[in-house]
Amino acid sequence: MSDSDTNAKPAGETRDLTILGGGLVGMTLALAAARAGITSHVIDRADPADLVAEGADGRASAISTASWNLFRNIGIAESLAPLGCPIDSIAVTDGMKPGRIDFTPKPGGELLGGSLGRMFANRDLRIALFDAARGEPNIAWHVGTEAVRRDRGPHSVEVELADGHVLRASLLVAAEGRQSPTRDEAGFALAKWDYQHRAMVTALFHDKPHENTAWEIFYPAGPFALLPLLDDAEGRHRSALVWTVAEKDAAGVIAMNDAMFVNEVAGRMHGVLGAISLAAPRMSYPLRFHHAGKVVGQRLAVIGDAAHGMHPIAGQGLNLGLRDVGALVEVLAEGMRLGLEPGDAQLLARYEKWRSLDAFMVMSVTDGLTRLFGVPGRLPSAARRLGMGAVQRLPALKRFFMDEARGMSGKLPALLRG
Ligand SMILES: Cc1cc2nc3c(=O)[nH]c(=O)nc-3n(C[C@H](O)[C@H](O)[C@H](O)COP(=O)(O)OP(=O)(O)OC[C@H]3O[C@@H](n4cnc5c(N)ncnc54)[C@H](O)[C@@H]3O)c2cc1C
């Protein structure tokens, strides 16, 4: 790594990529590109020490099998492996009423294929990525600064940082998350709406072991997810909680003291994990949908949440961003082998064609699920449970959903294959 204070190489050096945003997706891109011999500048306005501070990001992410393959291929799986809790089954229920679906791959059976994914604290993911980036000479990391000028010319891209450094590259990549100023400056239209939902996020201690099961409990007010985490150092069982509440109720839930909050949460868990208590600070995130109609422009590619943001109901946001990474690196590496430069318009067109269908499918399914289970009343609930019963009884349909959860469906970039 080199950053603006301790630069081993001059900041103005021309690299293949300038990646704006070094979050989970942007930094994974930098590493995956670096391993393929593609050099980059990575700029993040945050200080990495702040991003990995205890309590800075209390979320945990379900990493699909395909995303895990990517982590293995870029060399961070070894340090992460001891920190991840496998998800061996997913239980989906309509408000804990009878008729749930269990997605459990049977060892040696038709529905095999190992775990459905792994749960990691976002903090652990960031630490692994940042440590790897520090040892990677193909990455020049500029922290605590941002772009004040972006010029995408016909032959190269120039970015001026707040501290006056000017960086040059062949391709600009926007990975600044939902509020991406680079995407907005490029004028890419966004389809967006607000779910009027807020996710209450924390971790719980519980008496009973979770047996590596993730629970998706759908209530009309919003989904309620319990995601298995590893036991802590004292052997206490833990799960991550993502409880979606209507925006109009959010202020009331945030204002609850911890005892009231735990009581409300326990009321929605029907004792599945026994007695519970808080294991982490409480945080909340507003939930919105957005999808950029275009993800490439002259010498520009948009990836991760800058391109698409969705409800966390199916744990797909980061996984989708990591598929963007795999596709972009594959397209660039192949093009560069043929003598093209990374900012070549043909390569960008190939990236956009590859990614747009997958992103649209995942976003539509996630949005549909959120709406389907959000319809209140006995009749819609009965219809949902009938549908769930059908899925439960049909192995082929179940396998389809499990492949989706593992991220193994569709045309996968090589970096995400086994
Ligand atoms: C409650 C919740 C639970 C979730 N659970 C899951 C899950 O289980 N599985 C899953 O796959 N996904 C999950 N997601 C989605 C996932 O967290 C996001 O998709 C993912 O974090 C997106 O990563 P990103 O790098 O694109 O954006 P971000 O994480 O937003 O990172 C953007 C980075 O850019 C930097 N930045 C921003 N603006 C600028 C600027 N102007 N200049 C320079 N730098 C800038 C920021 O500092 C940050 O480091 C969840 C989301 C929520 C809200």
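Atoms within a ligand are numbered from 1 in the order they appear, just like the ligands themselves.
Of all protein heavy atoms, the one lying nearest to atom 27 (O) of ligand 1 is G177 CA, 3.5 Å.
Counting only heavy atoms from C-beta outward, the side chains of F71 and L322 approach each other to under 4.5 Å. A 4.5 Å side-chain heavy-atom check between D249 and R198 finds every atom pair outside the cut-off.
In this structure, P181 has a heavy atom closer than 4.0 Å to ligand 1. Residue contacts with ligand 1 include L24, since one of its heavy atoms falls under 4.0 Å from the ligand.
The N/O atoms of A62, backbone and side chain alike, include one that comes under 3.5 Å of an N/O atom in ligand 1. In terms of polar-atom proximity, defined here as any N/O pair under 3.5 Å, S61 makes no such contact with ligand 1. Any N or O atom pair closer than 3.5 Å counts here, and R45 shares at least one such pair with ligand 1.
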Decide side chain to side chain contact (heavy atoms under 4.5 Å, CB included) for V157 and R150; before the verdict, give the C-alpha distance in whole Å, the side-chain angles of both, and the deciding distance to 0.1 Å. CA-CA 7 Å; V157 171; R150 307 164 190 83; over 6 Å; no

Which is it for D231 and R236 under the salt bridge (charged side-chain N to carboxylate O under 4.0 Å, His left out) test, yes or no, and what are the steps along the way? CA-CA 5 Å; D231 289 353; R236 289 179 292 182; over 6 Å; no

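Side-chain contact annotation: S40 with R15, donor-acceptor N/O pair under 3.5 Å absent.
Of the heavy atoms in R178, none comes closer than 4.0 Å to ligand 1. Contacts between V201 and ligand 1, counted as non-hydrogen atom pairs separated by less than 4.0 Å, involve the side chain only.
Identified under the salt bridge (charged side-chain N to carboxylate O under 4.0 Å, His left out) test for residues 211-225, with sequence neighbours left out: none.
More than 12 heavy atoms of other residues, nucleotides or ligands sit less than 6.0 Å from atom CD of Q298.
Closest heavy-atom approach to atom 20 (C) of ligand 1 among the candidates V148, L241, D305, D47: D305. Within the set T182, D44, V302, V25, the minimum heavy-atom distance to atom 35 (C) of ligand 1 is found for D44.
Ligand-side atoms of ligand 1 in range of R59: 1 (C), 2 (C), 3 (C), 17 (O), 51 (C), 52 (C), 53 (C), range being under 4.0 angstrom from any heavy atom. Taking every non-hydrogen atom of E146 and a distance limit under 4.0 Å, the qualifying atoms of ligand 1 come out as 41 (N), 42 (N). Under a 4.0 Å criterion applied to the non-hydrogen atoms of G304, ligand 1 contributes the atoms 26 (O).
Of the listed residues (R299, R152, R168), just one forms a salt bridge (charged side-chain N to carboxylate O under 4.0 Å, His left out) with E158, and that residue is R168.
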